[in-house]
Each structure stands twice: as C-alpha cells, then as structure tokens.
Amino acid sequence: MDKPTLPKGTRDFGPAQMAKRQFIFASIRSIFQKFGFLPLETPAMENLSTLTGKYGEEGDQLLFKILNSGDFLKDVPADKLVARDSRSITFDIAEKGLRYDLTVPFARYVVMNRHEITFPFKRYQIQPVWRADRPQKGRYREFYQCDADVVGTDSLFCEVEIILMIREAFAALGITDYSIKINHRGVLGGLADLAGAGDQQTSLFVAIDKLDKIGEEKVKEELVARGFSPNSLTPVFQLLNAQGTTADKLALLDGTFSQSAAGQKGIAELRQMLDLLRAYGASEDHVEFDVALARGLSYYTGCIFEVKIHNVAIGSVCGGGRYDNLTAVFDGKEKSSGVGISFGIDRIYDAMEELQLFPARTQISTKVLIAHFDAASHSYGLGVLRALREAGIASEIYPDESKLKKQLEYADRKLIPYTIVIGPDEVRTGQLTLKVMGTGEQQALPITDIIHRVRA
RNA sequence: GUGAAUGUAGCUCAGUUGGUUAGAGCAUCAGAUUGUGAUUCUGAGGGUCGCGGGUUCGAGUCCCGUCUUUCACCCCA
C-alpha cells in the first residue's frame, strides 16, 4: 500500500501549530466582537452558479468544482462527450463548488435573508476557503480567511473602524512593523482619466500595482506595450512618485484631478475618512496612502486596503475595501453598499513564525500530571485527580502502570509544568511529592497545599 | 495555465568519471539507574535511494516520463 499523502496545497496542523493558530483566531475574533460584529458561518460548498462570474475569468478557473453524485454523465449531451471538451461539460457534471472567499457567500446570505437582517449588518466570519491555484510560498489551496464586513451603510466611519481593527489585531499579535496601505478607486479613476485610458483602465491598474515590485521602468514598458503613449504616462508617474504626508499627496491630487469627477470623489472620501479617524481620537500610525495600490478590481468601488508586514517575504496579509453593488449580482434591484476586511491568517502565521513573534508558552494544555508506581497508588491518584479538576486545574493521570522514568518523560515532552509523584509512602502519609519540572525542585505537600501552590 | 529547480532513514543532509553490503548528525527504542524527565555513557532497530520505464556487464549517480515539494510569472490572503 502506498504511503498516504495530502492533496497538493493542503496541510495538517498538529497540536503545536494549532496552539499558535488558535492564538491568532482568538485575538482577531475578540476584536471583531468588540467592534460589534456578529458571527456567521456558511457552507463549505455553494451552488456553482453562486460562485461563477464573481471573480473574473481567472477566478472561475481557480474554483474547485464538486462532481455530481450518482450517474453524473447521464444528462450530458452526447455531442459534448464526443467532443471531449472538458470546459463545456463542467456545468453538466458539477453543480456545486467549494467557496473561493467569504465575501460572495456573505452577499448571497444577505440577499436570501434581507427581511430578517437588521441593517446596517455587521458580521464576521472565520472559515476556510479553497482555490485551485498553484501553491507556493504563502499560497495554499486551502486557507482560512477572517472577514469582517458591514453592509447597508455608506458611512466612511466603517472604513475607519477597519483601520482601527487592523491596528488592534496586530498589536494583540505583537506585530509592530507593518503598513496599512489605503487608496480609493476614485483616485485610480482619476489616474485613468489623466492617462486617457478609456477601456484600458484595468490594464493600467494592474500594471501600476506592481510598481514597488518591478519598478517604474518595467511598469512603463508594460503600459507602452499595451498601447499607452509615453506622454500620457508622464503626469501619472508624477503623482505616483509624489512624496510627503497623506495630506500633501491629497493636495497634489486635488489640483491635478480638477477635471475628473471620479478623482474628486476619491479625494473627498479619503479626506473625510481621515477626519473621522481624527475625531475618534486616533492617530494615523501605520496608515499609508498609496496611489499605486490597486486590488480586487472585480468588485471594489470605494476605498481599498492592503496590509503588508515589513521584512518578511510574504504577500499581503490583509485585504479589503468598499463595494457598492455586491448584492446586485444576486438581485439587480438590491444595491447594498458594503465594506469589509479579510485577514489571511495562514500568511500572518508564516510571517509571525519568520519574525519569531509567537509567545514561547502557547502549547501548555495540562498543568499537572499524576505519576504513580503501582495499582494502589494509581487508584489513590484518581482521587487526587478529581480534587485537582474540581479546583479547575487542567490535569491528567498517566494511564498505564510503567516506570517513573517513562511517566516523567511524558510530562517533559508535553511541557507539563508540574508532576505529582505517588508511591506507597505518599499513599500512607497523604504527603504527596510535587515536582516542578522546570527546576527539578520537589517537596512533600498535602493535596490542599498543592492545589494552592499550582493555582498561584 | 506558463517557465525553472528539487526528491537518499522519522527529520536535516553526505554519497567521488557509473563499480563490493548506501553513510552521518539529530530523533526513536533498550540498557547503565527496580522512586525521578530535560544533561552523560553504551548498544540496537530503521532505506524498494519518490514512482514507472530506458541505457549499461553494473544505476542512488546518466536519459525519458510521471508525481511531490519549492521558486518565479499570472493572480491573490
């Protein structure tokens, strides 16, 4: 029999990794709750029709499809089978798919439950998503997203709260060196107007988004190859290269975008957002206005966010933005504005591991192990175990009768900080041997004293 | 989807122009120690060299295919 393996791009998480992952989940969850977001879970699989067409053509290719049960070839037209065109029979043999992100299922949920939902609706969702991408560093086929979205309000204070939550989360995780890049689709629209991009807007955005990665010259080359004239790009790069504070940059854009309605709207909203941040009493720490930031082009319409941790070779660890018409794809009459953020915890984990930011002691589960010599001391130990647990102390007894060496080794490996050794002497006197594994120090104490000591 | 690298013990890796029975460190197990882990000493077990085919008297080593992992592109968390 072949050795078992995992599907490409998936991972097991052992106890040591789970301790760290749960630390991240718990930190982020408590912040979402503090900001008034309510939990939601949706199924791992959705109808394929719910997922397709929401992520662009490339996104559709990255969807995992689920083969129909039973005789799945039964209803496939014969000519399609003869043609052997896999793509054309996909929808005949697969009517379900695994979710690709949490935002689209959320939009589906909102449309289906709009009469029960109190708007503005703030929900958070922490679940895995699947993408049939080629795996590489920081990219997996199964990974978790931690999303918080607000739907049903245009208030820019939602954007402010996103910034506040990101900062709180990173502070809780001990990540200090990072930047929250912000931009606005309107600003991008202004750049497109400036360059006379016409229907080539997307090409322009995709290219300038790579600016910090491949540099100005390569971006220009790419754009010229796509039909942009070098002259039209000059004013665009003047703006992209602007230095100074966020206010300085906004002032510069304000002058340049005088003829662009989109650009003016972007500037106004970014300014208002910063005003609200100030009114809340918060700083602009970590916030960086980046005119070149372009992302989530298929549905973001307002502010856009991306978080990068410095000094690690890992892509963005958070992304988000505002979408004016997400629910519209499920119901044309419904136009609910939403804004949200997604934490990519697998990447945050990788970054924290690389930066050695995890607290050393995340793994401890059991606090006390009871070790014993024979059937009589094991039996006596059961009463001690009950007393410990009733006192709320995480504890366990070594299940088998075996050498003390083996029992202490078990405690050592499990990073259990205390052991209680019980033999004939302890059973007779009631004075139990408490051993502190870290120092090797041990002393004879009655169980009540041990409980007091271990709790402290 | 495009391009490139990688794969030898549980883990990290050696392995000579292709030449006897494929090695090391760590880990595991046992003993030194029948009331004491993490440190010490002694010993033992563990490999179809990713898989399939080819070249050769002979392949861990060369060639082809395939899978895995990794890196870059595309895109993204």
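Letters A, B, ... mirror the listed sequences (proteins, then strands); counts begin at 1.
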B/rA4 versus B/rA14 - spacing of their P atoms, nearest Å: 24 Å

Rounded distance in Å between the P positions of B/rU12 and B/rU69: 14 Å

Separation of the P atoms in B/rC63 and B/rU17, to the nearest angstrom: 15 Å

Cationic tip of A/R11 above A/Y140 ring, under 6.0 Å, 45° of axis: yes

Those residues of residues 214-228 of chain A lying under 4.0 Å from RNA chain B by at least one heavy atom: none

Nucleotides 26-40 of chain B: protein proximity per nucleotide (B base, S sugar-phosphate only, - neither; heavy atom, under 4.0 Å): --SS-S---BBBB--

Sugar-phosphate, base or nothing in reach of A/G9, heavy atoms under 4.0 Å: sugar-phosphate

Distance test, side-chain N/O of A/K210 to OP1/OP2 of B/rC74, below 4.0 Å: yes

Dot-bracket pairing map - RNA chain B, Watson-Crick plus G-U, both contacts under 3.5 Å, | cross-strand: (((((.(..((((.....[...)))).(((((.......))))).....(((((..]....)))))).)))))....

Interatomic distance, A/D209 CG vs B/rC73 C1' [rounded to whole Å]: 15 Å

Touch class at under 4.0 angstrom, heavy-atom based, for A/Q145 against every strand present: sugar-phosphate

Any A/Q145 side-chain heavy atom under 4.5 Å of A/I345 side chain: no

Nearest heavy-atom neighbours spanning A/E161 and A/F35: OE2-CD2, 3.9 Å

ring-ring contact (aromatic ring centres under 6.0 Å, His included) between A/Y144 and A/F25, worked out: CA-CA 10 Å; A/Y144 269 74; A/F25 286 133; 5.1 Å; yes

Value in whole Å for how far the C1' atom of B/rC75 lies from CD of A/Q61: 12 Å

For atom NZ of A/K137 and atom C1' of B/rA72, their distance in whole Å: 14 Å

A/Y124-A/F32 aromatic ring centre distance below 6.0 Å: yes

Sugar-phosphate only, base, or nothing, as touched by A/D101 at under 4.0 Å among non-hydrogen atoms: nothing

Heavy-atom donor-acceptor pair, A/R139 side-chain to B/rC75 base, under 3.5 Å: yes

Near-parallel close stack of A/F343 and B/rA77 base (under 5.5 Å, under 30°): no

Polar side-chain contact A/R134-B/rC73 base: donor and acceptor under 3.5 Å: no

A/Y300 OH to B/rC75 P, straight-line distance once rounded to whole Å: 16 Å

